[in-house]
Amino acid sequence: MFLSEKEMKLKFWEKYNGSGRALRWQFECPIREGNADLITIEKYGDLYQINAFEFKLNDIKKVILQAIFHMQIKVG
């Protein structure tokens with residue numbers, strides 16, 4: 001259980017990037033109206049991938065709707 005979103009982000013980051021998988025990252029990244037909580041750039045095989053993360057302590061519906069919306073955005 002987390003008391004703050006910041007505490008949750010830091011614990012997630014500790015577990016997620018403990019092995020140094022992210023080549024670059026930015027918390028509170030201004031890629032859209034309102035910031036994305038975390039963006040990472042990682043290499044998987046010969047390909048690079050960009051991952052975006054949103055952290056919410058409540059309102060799981062909003063989390064799912066944001067994820068669906070951002071999956072539909074086309075780059076390029």
Side-chain angles (χ1 to χ4, degrees):
M1 188 71 152
F2 300 101
L3 295 177
S4 72
E5 194 174 284
K6 182 178 179 180
E7 178 189 4
M8 181 173 56
K9 283 188 226 183
L10 293 175
K11 183 55 81 174
F12 171 83
W13 186 244
E14 178 184 301
K15 299 289 185 194
Y16 183 82
N17 204 46
S19 63
R21 67 194 283 169
L23 302 173
R24 297 279 187 260
W25 63 90
Q26 182 175 344
F27 283 95
E28 297 302 324
C29 186
I31 61 167
R32 57 177 169 77
E33 184 177 320
N35 295 340
D37 289 336
L38 172 63
I39 299 291
T40 66
I41 298 176
E42 302 174 28
K43 192 167 185 183
Y44 184 74
D46 291 335
L47 302 174
Y48 289 91
Q49 64 184 32
I50 299 170
N51 301 305
F53 300 89
E54 287 292 327
F55 300 95
K56 303 280 186 270
L57 288 176
N58 50 33
D59 199 355
I60 191 69
K61 280 183 172 181
K62 185 174 180 180
V63 172
I64 293 168
L65 289 173
Q66 280 183 318
I68 291 168
F69 175 77
H70 292 295
M71 285 182 353
Q72 296 172 6
I73 294 175
K74 301 217 186 279
V75 177

Is Phe2 linked to Leu10 within one hydrophobic cluster, defined over Ile, Leu, Val, Met, Phe, Trp and Tyr using a side-chain heavy-atom separation of less than 4.5 Å? no
Honestly curious: do Ile64 and Leu57 fall in one hydrophobic cluster under the side-chain, below-4.5 Å linking rule? no
In Å, rounded to the nearest 0.5 Å, how long is the span from [atom1] of [X] to [atom2] of [Y]?
X     : Y     : atom1 : atom2 : value
Gln26 : Ile39 : CD    : CD1   : 8.0 Å
Leu38 : Glu54 : CG    : CD    : 9.5 Å
Asn58 : Glu5  : CG    : CD    : 9.0 Å
Glu7  : Phe55 : CD    : CZ    : 13.0 Å
Asn35 : Glu28 : CG    : CD    : 5.0 Å
Trp25 : Tyr16 : CH2   : OH    : 12.0 Å

State, yes or no, whether a side-chain contact exists between Thr40 and Trp13 at a heavy-atom distance under 4.5 Å.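 Result yes, sub-4.5 Å side-chain heavy-atom pair found.
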Quick one: are Lys43 and Leu23 in side-chain contact, heavy atoms under 4.5 Å? yes
Locate the shortest heavy-atom distance separating Ala22 from Asn17; write the atom from each residue and the value. N-OD1, 2.8 Å
Under 6.0 Å from the [atom1] atom of [X], do we count more than 12 heavy atoms belonging to anything else shown?
X     : atom1 : result
Lys6  : NZ    : no
Leu65 : CG    : yes
Tyr48 : OH    : no

